[in-house]
Protein chains: 2
Amino acid sequence: MSNKKVTIRDVAARAGVSRATVSRVLNDFPGVKPALRERVNQAMDELGFAPNYFSQALAKGRSNSIGLMVRSLGGYFFGSIMVEVEEVLTKKGFHCMVCSGSGKYEAERAAVDFMLSRQVDAMILSTDCLSDEELIKINQSGTPVVLISRDIEEIRDQCIRFDDATGGYNATQHLIENGHRDIATVTGPMTNRDARSRLQGYRKALEDNDIPYRPELVLESNFQVPGGKQATEKLLAAGHKFSAVFYGSDEMAIGGVQALNQAGLSVPDDVSVIGFEDVPLNEFLKPQMSSMRIPVSDIGHLAAMRALSLVDQEPLDSALEVQVELMERESVIAT
Amino acid sequence: MSNKKVTIRDVAARAGVSRATVSRVLNDFPGVKPALRERVNQAMDELGFAPNYFSQALAKGRSNSIGLMVRSLGGYFFGSIMVEVEEVLTKKGFHCMVCSGSGKYEAERAAVDFMLSRQVDAMILSTDCLSDEELIKINQSGTPVVLISRDIEEIRDQCIRFDDATGGYNATQHLIENGHRDIATVTGPMTNRDARSRLQGYRKALEDNDIPYRPELVLESNFQVPGGKQATEKLLAAGHKFSAVFYGSDEMAIGGVQALNQAGLSVPDDVSVIGFEDVPLNEFLKPQMSSMRIPVSDIGHLAAMRALSLVDQEPLDSALEVQVELMERESVIAT
DNA sequence: TTGTACGCGTTATCAG
DNA sequence: CTGATAACGCGTACAA
């Protein structure tokens, strides 16, 4: 019950100083006599004082929080990013406000506007739908932005990308090196940069190996398990010959393996499969899934650090592209 | 650049009324002449006015946000809960502030204190470490609390539980009905209510079928994939005979299957396995994993609704326990 | 029905 | 080095 909020005023009275002084010690301002500082601190302790967040935010026009928009709150990929971002931020006394964009323009726009209305000091966005112009505008309007998996020239230093093209290339190359030539691919939505780049890598690898590109072996899906399953079923139904599939995400690969199995095909004996992202589950699947590892935690870490730098107006390290790495496991064998 | 924040003052000037009136239409107060109301609204639009969140919160001592603490930001289980909670809340104009407790007392306490300092209007907590007393105290201090998977008499209506005991019972019973008698179990941490109840159900089922309880077949783990794997390896190493394992979570079951496979044992031919939770991945695994389905989305929904009711001081529906359901798939066969 | 004026808890700008 | 006191933007009894 004893729920009287103790304010800076009470502390001031108790310590026999002005509110201004209390505020000063609260914010670690220089030029306060040690003796006084001590007295104030003691008063705070005794009263159990805690500053009111809203007052502070209102008075200094800074919220000490940064916004994070992910495509989805569930799932491993963004889960890992959230974990890392949150850890970095809390360590620095910042709070992380999470919103989901769910891949639709309206939702993404609403989420961003919401965070803006909450006056986040910066935002980390993973967005497919917002346009370059919109993003640049937001960034210029006073709330700096860190972009995950986008590449906008004007603010390239604020973009964190993974080398999807090389990843797609290496995944396909890996299949080719194992003797496969009829290689299908199931991609994420083409609105998504990652999906496009991975596909591009796939084409390049084909080309470099003088394998003709066959559109009928390319299916667009949605990065998720059921989507991967459906796409694979469609592929099977179409009746084209293929001995390997490169999936644009592990989740789709998992769905794909199921579809393959249900069609009486065995992985990897009949069809080799490789995924992308390398979710922590892969090595526990059966067969263990080969995949391209994206260092998700690193990305979360980097994004958070950059956001913080932006808030403090510090210069950024130069733009960078995170490397993805081939993880060979059991789902790919030589043909 | 045009970054002048437009305030209620500007709107008032533009509409030729007092600030109070603007505030009234802003908050949908009755007793404002339609004509005026219209004029004010128009002024707001023209100026692109948006109320300052911090001022509002400060003035009315209410933040329009509720806090959600989960055990982990990653993973399907809490992911689904977050998704649902967020959806319900945004629909009602509330924001959801997510924090992770990570299963350690210090962290949980810090997260809760943080949310309190941010003056959330209510909290949804999934906590193992905080004591009943602490929770009750928080609840009485003005920030109502909804508890996921706890059972505290004094605030039972604010507790959302799933029927773990019955779930554990039915899972075990299912194994027994398939002819298994040497049934091992890998549980979650015993600090966790769910884990304890599931184990209790397991024991009860054994008892009802006159199968002696053998402590050497019971291993405590941590709900996660690697934990399940290690526990299973330990079980194998101990050399006790068993033909089935009941895992306290799907993730542990997945790790378990891998350990089993690596030991040359096949699931379900050599060992039957059943999990708990029924993560959306289960039906895509091979073999498809039998499990006890917890309706996670329902839980998130319920929790959010209850939190909202508490904020509005509405009466709550009576306490409820969500049912879990057996999902028979491929990982259990008759011995 | 509308306006006045004060309060919310801090920070920031001046004097002193 | 410290203390008044005016912002910060909005809500709300109280008057009118």
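In what follows, every chain begins at residue 1, and chains take the letters A, B, ... in the order their sequences are listed. Note that the coordinates shown come from a computational prediction; the quantities given were computed from them, not determined experimentally.
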Run through V83(A), L308(A), L302(A) and flag the one making a side chain to side chain contact (heavy atoms under 4.5 Å, CB included) with V88(A).
L308(A)

Applying side chain to side chain contact (heavy atoms under 4.5 Å, CB included) between R150(B) and each of V146(B), I148(B), L147(B), report the one that passes.
L147(B)

Do any of residues 36-57 of chain A sit with a heavy atom less than 4.0 Å from DNA chain D, and if so which?
L36(A)

Is there a side-chain contact between N139(B) and E154(B), using heavy atoms and a 4.5 Å cut-off?
no

Whole angstrom value for the distance that separates [atom2] of [N] from [atom1] of [X]:
X: K33(B); N: dG3(C); atom1: NZ; atom2: P; result: 11 Å
X: D10(B); N: dG9(D); atom1: CG; atom2: C1'; result: 11 Å
X: F29(B); N: dC10(D); atom1: CZ; atom2: P; result: 15 Å
X: L58(A); N: dG11(D); atom1: CG; atom2: P; result: 12 Å
X: K60(B); N: dC8(C); atom1: NZ; atom2: C1'; result: 13 Å
X: R19(B); N: dT12(D); atom1: CZ; atom2: C1'; result: 12 Å
X: I8(B); N: dG9(D); atom1: CD1; atom2: P; result: 11 Å
X: L26(B); N: dT12(D); atom1: CG; atom2: P; result: 11 Å

Have a look at V32(B) and say if it touches a base, only the backbone sugar-phosphate, or nothing, with a 4.0 Å heavy-atom cut-off.
sugar-phosphate

Would you classify V22(B) as touching base, sugar-phosphate or nothing, given that sugar-phosphate means primed atoms plus P, OP1 and OP2, and contacts are heavy atoms under 4.0 Å?
nothing

Assess whether one donor atom and one acceptor atom, taken from the side chain of R24(B) and the base of dT12(D), lie less than 3.5 Å apart.
no

Output yes when at least one side-chain N/O atom of T7(B) is less than 4.0 Å from OP1 or OP2 of dG9(D), else no.
no

Check the phosphate of dG3(D) against T21(A), side-chain N and O only, distance under 4.0 Å to OP1 or OP2. Yes or no?
yes

Would the distance check show the side chain of S63(B) and the main-chain N or O of Q119(B) forming a donor-acceptor pair, the cut-off being under 3.5 Å?
yes

If we ignore hydrogens and angles and just use 3.5 Å, is the side chain of D121(A) paired with the main-chain N or O of I66(A) as donor and acceptor?
no

Answer yes if the side chains of S100(A) and S102(A) hold a donor-acceptor pair under 3.5 Å, and no otherwise.
no

Within 6.0 Å of CZ in R9(B), more than 12 heavy atoms from elsewhere
no

